[in-house]
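All values below were derived from every heavy atom in this structure, side-chain atoms included, with hydrogens, water molecules and symmetry-related copies excluded. This is a predicted model, so every value here is computed, not measured. Order of listing sets the numbers, starting from 1, for every ligand and every atom in it.
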Amino acid sequence: MTTAKLTGKSAGFGRPRLSTKSTLKYLILGTFLACTAVYFVYVNDALAGKVDQIRSFHTASISHNLEKPIEKLIVHAQAEQTRLLSRQSHNLSTAAERYRERRGRHPPPNFNAWYDYAQKYDAILVEDFFDRIYDDLNPFWTLEPREVRRLSAPWAHEHVISVRNHKAILKTTSRDPMRRMPQWHRLIEELAQWLPDVDLPMNVMDESRLLVPWEEINRMVQEETAGRLVAPPSEVRTQYTGLPVIDSEPQDEPLETCPPDSPSRNTPPVDIYHDSVKMPTVYPVHSFEGYVQNWTLSKDSCQHPHLRSLHGAFIEPVSISTTQSLIPLFGGYKLSQNNDILIPPAMYLTTDELYAGRGDGGPEWTQKRGDVVWRGVASGGRNKAETWTHFHRHRFVQMLNGTAVHDFETASLAAEGTTFKLPSQDHYSLMSLRNGSLGGWLSTVTDVAFTNLECFPLPPMPADQHLCGYTNPYFAVRTQIPMHAQYHSKYLPDVDGNSYSGRFRAFLRDSGSVVLKATLYNEWHDSRLMPWLHFVPVDNTFIDIFGVLDFFLGAEGNGVHDKLAERIAREGRVWAGKVLRREDMALYTWRLVLEFARLCDDRRDVLGWVNDLNNE
Ligand SMILES: *[C@@H]1O[C@H](CO)[C@@H](O)[C@H](O)[C@H]1NC(C)=O
Ligand SMILES: *[C@@H]1O[C@H](CO)[C@@H](O)[C@H](O)[C@H]1NC(C)=O
Ligand SMILES: *[C@@H]1O[C@H](CO)[C@@H](O)[C@H](O)[C@H]1NC(C)=O
Ligand SMILES: *[C@@H]1O[C@H](CO)[C@@H](O)[C@H](O)[C@H]1NC(C)=O
């Protein structure tokens with residue numbers, strides 16, 4: 001989504017080669033960081049001219065003002081956002097032009113109706129926001145259209161939404177425990193009047209399901225790129241063919257899903273039954289001085305081999321049923337190695353208060369408590385006596401438990417009940433870490449606990465079912481806190497459960513608090529949210545979380561950094577109100593369906609929308 005990138009320490013920062021322009025316009029961080037405004041002008045001018053050339057972040061002239069890595073990341077995020085917004089399309093011909101530029105094809109048929117809808121609902125249109133669709137679909141261009149149709153045929157799947165003659169048809173022949181299909185069906189139904197015939201096989205399970213070997217996908221992506229075609233307008237067909245009769249079966253093949261040069265490639269599986277927790281205590285790879293700078297890379301477990309023993313998704317998922325061949329399957333979230341096609345998750349489409357919030361937001365920032373609140377169940381996979389210390393939620397809760405951290409600092413936390421390590425002091429230079437007061441301090445700012453220990457096997461006594469013999473000594477079960485009550489806290493962490501966390505959208509849209517987000521899962525919205533501007537990204541080990549909390553809530557936090565936090569909370573909320581609305585999810589899904597239907601069409605190479613080129 002972005003081209004500019006922070007590189008390492010100050011040595012990596014080149015000199016600005018830039019001119020000056022209207023300064024006030026960019027005075028976004030406010031007076032407390034006045035120098036950053038000058039910085040914005042630099043970055044913007046540079047970006048306007050040479051977006052693609054900027055590979056490093058120019059801070060030489062301001063590094064004495066922006067001491068902290070987190071300050072730099074925040075300023076950088078703002079600049080990136082400005083750059084992105086400069087690419088907004090305000091009319092149909094620009095939208096079509098940007099499409100051709102970025103995708104190397106004509107827009108799909110009926111692109112104008114899609115655009116009209118976007119305009120009607122004041123959607124912010126930046127072509128980059130739809131990158132996910134193309135990352136997901138491009139490999140399918142290497143399959144014959146007939147093959148894609150066959151693989152997505154309603155008879156071949158248990159859960160399918162089809163469109164025929166502008167009607168959405170729901171097929172659900174097995175359990176749909178979370179009632180996901182009706183949500184998706186309703187959305188497609190709202191759009192069906194504009195959609196071509198199509199079959200969309202859906203994944204209703206908690207986990208993503210496709211793992212195609214990396215070599216295979218890489219070959220497909222290259223083949224797709226080579227095959228892109230912007231046909232002369234006169235040769236373009238502007239109507240979908242519709243769906244002919246379809247039949248036959250998918251098959252299987254062997255796998256290695258990480259790229260050859262990634263750290264996780266060929267890593268032997270860890271012995272979580274016998275090894276103690278191996279958690280790196282230094283800066284995570286690809287981080288900027290310890291803090292997440294590339295959201296995509298931070299979620300890619302191929303880059304972080306240690307996550308295999310530090311995240312439930314790799315230890316014991318609750319349900320799993322995967323396939324290794326490339327078949328179309330639509331779902332709400334996936335790991336980087338998965339080849340599922342992303343659509344907005346059903347939970348973001350419900351009005352269920354648990355996930356959707358009530359829309360009334362939290363109190364004003366100044367009325368909120370300067371603390372961190374989290375409640376959730378001990379999910380993240382099926383935790384057992386021998387494996388629970390490797391689970392991410394257990395680690396998260398323990399790391400934010402001041403008592404447990406204090407016990408760790410004083411070496412009185414039992415080794416067999418320890419899920420984490422403290423950051424290396426050479427890397428994360430926190431006063432509290434150095435003088436052994438981290439636990440004591442955390443106790444004053446966090447309220448983080450499980451509401452259910454999800455024991456396996458369950459204790460026999462129904463009355464004790466929220467307890468668990470092996471984790472009882474380390475975790476207290478607390479009562480749930482409704483979402484709107486959580487909004488009274490300034491900081492709301494959001495971590496993966498059995499899969500992605502369905503609260504993220506509501507937190508961003510409603511809370512007016514800062515969301516601290518750690519996840520391994522990719523979602524539809526990834527290219528439209530800017531880490532450090534709309535939320536605070538956290539590494540999946542949580543090694544950086546103390547540094548983050550110290551920055552915002554520590555001694556300095558109550559002054560300047562509290563203002564930065566307030567700004568992230570506000571920006572996140574305002575932005576979510578513009579790009580994460582139901583209308584935005586509809587537009588994303590609509591675009592996805594247009595593209596997928598084109599893929600399934602025998603005339604796909606010449607199918608497109610070219611009215612702008614024909615001067616109509
Ligand atoms: C993140 O890293 C990927 C892979 O190296 C790169 O393609 C992408 O542009 C980077 N994103 C940002 C925001 O720097
Ligand atoms: C569309 O917008 C572009 C840039 O904003 C402008 O140059 C162009 O004239 C506009 N086209 C129409 C048809 O309004
Ligand atoms: C340790 O550092 C914290 C700041 O993080 C400070 O508040 C506290 O007084 C220090 N304690 C000691 C014993 O020096
Ligand atoms: C915090 O840790 C202590 C020590 O391990 C434990 O007794 C307590 O139950 C934990 N509290 C919560 C809320 O999990």
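Less than 6.0 angstrom separates the ring centroid of Tyr500 from the ring centroid of Tyr333. For Trp114 and Tyr117, the distance between ring centers is not under 6.0 angstrom. Aromatic pair Trp524/Phe130: ring centres not closer than 6.0 Å. Taking the ring centroids of Tyr134 and Trp141, they lie at or beyond the 6.0 Å cut-off.
Every residue was checked against the side chain to side chain contact (heavy atoms under 4.5 Å, CB included) condition with Ser86, not counting sequence neighbours, and none meets it.
Below 4.0 Å from some heavy atom of Ser93 lie the following atoms of ligand 2, by number and element: 11 (N), 13 (C). In the vicinity of Asn294, heavy-atom distances shorter than 4.0 Å reach the ligand 1 atoms 1 (C), 2 (O), 3 (C), 8 (C), 10 (C), 11 (N), 12 (C), 14 (O).
Looking at Leu453 and Asn472, their side chains come closer than 4.5 Å, going by heavy atoms from C-beta outward.
The shortest separation from a heavy atom of Thr296 to ligand 1 is not under 4.0 Å, leaving the residue out of contact.
A salt bridge links Asp131 with Arg102; the closest basic N to acidic carboxylate O contact falls under 4.0 Å.
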Anything under 3.5 Å between an N or O on ligand 4 and a protein N or O? List each pair with its distance, or write none.
unit_1   : atom_1 : unit_2 : atom_2 : d
ligand 4 : 2 (O)  : Asn401 : OD1    : 3.4
ligand 4 : 2 (O)  : Asn401 : ND2    : 2.3
ligand 4 : 9 (O)  : Ala476 : N      : 3.2
ligand 4 : 11 (N) : Asn401 : ND2    : 2.9
ligand 4 : 14 (O) : Ala476 : N      : 3.0

